[in-house]
Student: 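Could you have a look at this structure, given as structure tokens, before my questions?
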Amino acid sequence: MSILRSAALFVVAAIFEIGGAWLIWQGVREHRGWLWMTGGVLALGAYGFVATFQPDAHFGRILAAYGGIFVAGSLLWGAIADGYRPDRWDVTGALICLAGMAVIMWVPRNGG
């Protein structure tokens with residue numbers, strides 16, 4: 001599987017994961033109700049399903065890499081959906097997380 005396809009899967013999974021968490025947040029904290037929370041639970045389930053399409057068969061590696069995507073994607077989601085403005089340290093941390101994700105997923109390994 002190409003790096004481009006793997007990256008696309010990360011983007012789709014991030015939309016489901018972060019979007020699901022945001023919908024639950026809206027349902028509970030912003031009192032938008034059960035429909036929002038149900039949508040969030042369904043989106044989180046879809047995230048888990050999309051994650052299984054990554055080329056690597058190691059659950060821990062995939063979830064660790066998604067952690068980096070989650071950090072950067074959450075800051076972006078907050079900026080778009082809630083008006084959050086990340087500072088330079090937020091951006092620096094997100095870039096470090098993305099670099100870690102790239103190393104975890106895409107650095108060639110011997111025998112595996």
Side-chain angles (χ1 to χ4, degrees):
M1 178 179 297
S2 71
I3 290 176
L4 187 59
R5 182 165 179 223
S6 177
L9 286 169
F10 275 122
V11 169
V12 171
I15 290 168
F16 283 131
E17 180 185 26
I18 298 163
W22 185 79
L23 285 169
I24 292 170
W25 178 281
Q26 293 296 308
V28 175
R29 303 258 326 195
E30 303 297 328
H31 309 290
R32 295 198 178 187
W34 285 100
L35 191 58
W36 285 71
M37 291 181 275
T38 301
V41 169
L42 292 172
L44 288 168
Y47 149 71
F49 187 75
V50 171
T52 65
F53 291 112
Q54 282 292 343
D56 196 302
H58 296 95
F59 179 79
R61 181 176 293 146
I62 299 300
L63 268 288
Y66 272 113
I69 298 297
F70 185 80
V71 169
S74 294
L75 290 174
L76 181 62
W77 189 286
I80 293 169
D82 291 327
Y84 176 70
R85 296 293 168 242
D87 65 20
R88 67 179 180 209
W89 298 112
D90 293 328
V91 173
T92 300
L95 291 172
I96 291 168
C97 289
L98 290 174
M101 179 278 307
V103 169
I104 289 168
M105 283 302 297
W106 302 325
V107 169
R109 291 175 164 80
N110 291 330

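All values reported here derive from a predicted model rather than from experimental measurement. Only this structure's heavy atoms are used, side chains among them; waters, hydrogens and symmetry mates stay out.
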Student: In residues 13-25, what donor-acceptor pairs under 3.5 Å come from side-chain atoms, sequence neighbours left out?
Tutor:
| residue | atom | partner | partner atom | Å |
| --- | --- | --- | --- | --- |
| W22 | NE1 | D82 | OD2 | 3.2 |

Student: Consider only side-chain heavy atoms of I, L, V, M, F, W and Y, link residues closer than 4.5 Å, and tell whether F49 and I62 are in one cluster.
Tutor: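 As far as the 4.5 Å side-chain criterion goes, I62 and F49 are connected within one cluster.
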Student: Between W106 and V12, is there a shared hydrophobic cluster once you connect ILVMFWY residues whose side-chain heavy atoms come closer than 4.5 Å?
Tutor: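 Yes; V12 is reachable from W106 via cluster members.
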Student: Using the test side-chain contact (heavy atoms from CB on, under 4.5 Å), find all partners of V91 that sit at least two apart in sequence or belong to another chain.
Tutor: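 Expected list: P86, L95.
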Student: So, for M105 and A65, which heavy atoms are closest and what is the spacing to 0.1 Å?
Tutor: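 Result for this residue pair: CG-CB, 3.3 Å.
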Student: Please list all pairs meeting side chain to side chain donor-acceptor pair (under 3.5 Å) that have one or both residues in residues 32-44, counting only residues at least two apart or in different chains.
Tutor: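 Qualifying pairs, neighbours excluded: Q26-R32.
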Student: Quick check: closest heavy atoms across V50 and L9, and the distance to 0.1 Å?
Tutor: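 Residues V50 and L9, closest heavy atoms: CG1-O, 3.7 Å.
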Student: Taking atom CZ of R5 and atom CD of Q54, what is their separation to the nearest 0.5 Å?
Tutor: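 Result: 9.0 Å between the selected atoms.
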Student: Among Ile, Leu, Val, Met, Phe, Trp and Tyr joined by side-chain contacts under 4.5 Å, find the other residues sharing a cluster with L35 and list them by chain and number.
Tutor: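 L35 clusters with nothing; isolated.
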Student: Remaining members of Y84's ILVMFWY cluster at a side-chain heavy-atom cut-off under 4.5 Å?
Tutor: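 Its cluster mates, by chain and number, are L75.
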Student: Rest of the hydrophobic cluster containing I96 (Ile/Leu/Val/Met/Phe/Trp/Tyr, side-chain heavy atoms under 4.5 Å)?
Tutor: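 So far as hydrophobic clustering goes, I96 is joined with none.
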Student: Check P55 against S6 and note the closest heavy-atom contact, atom names and distance.
Tutor: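 Closest approach of P55 to S6, heavy atoms only: CD-OG, 4.3 Å.
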Student: Measure across A94 and V71 and return the closest heavy-atom pair with its distance rounded to 0.1 Å.
Tutor: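 The pair with the smallest heavy-atom distance is CA-CG1, 4.2 Å.
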Student: Applying side-chain contact (heavy atoms from CB on, under 4.5 Å), name anything that partners L63, two or more places apart in sequence or on another chain.
Tutor: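 Counting only residues at least two positions away or on another chain, L63 forms a side-chain contact (heavy atoms from CB on, under 4.5 Å) with Y47, F59.
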Student: For F10, give me all partners under ring pair (Phe, Tyr, Trp, His ring centres under 6.0 Å), at least two apart in sequence or on another chain.
Tutor: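 In terms of ring pair (Phe, Tyr, Trp, His ring centres under 6.0 Å), with neighbours along the sequence ignored, F10 is linked to Y66.
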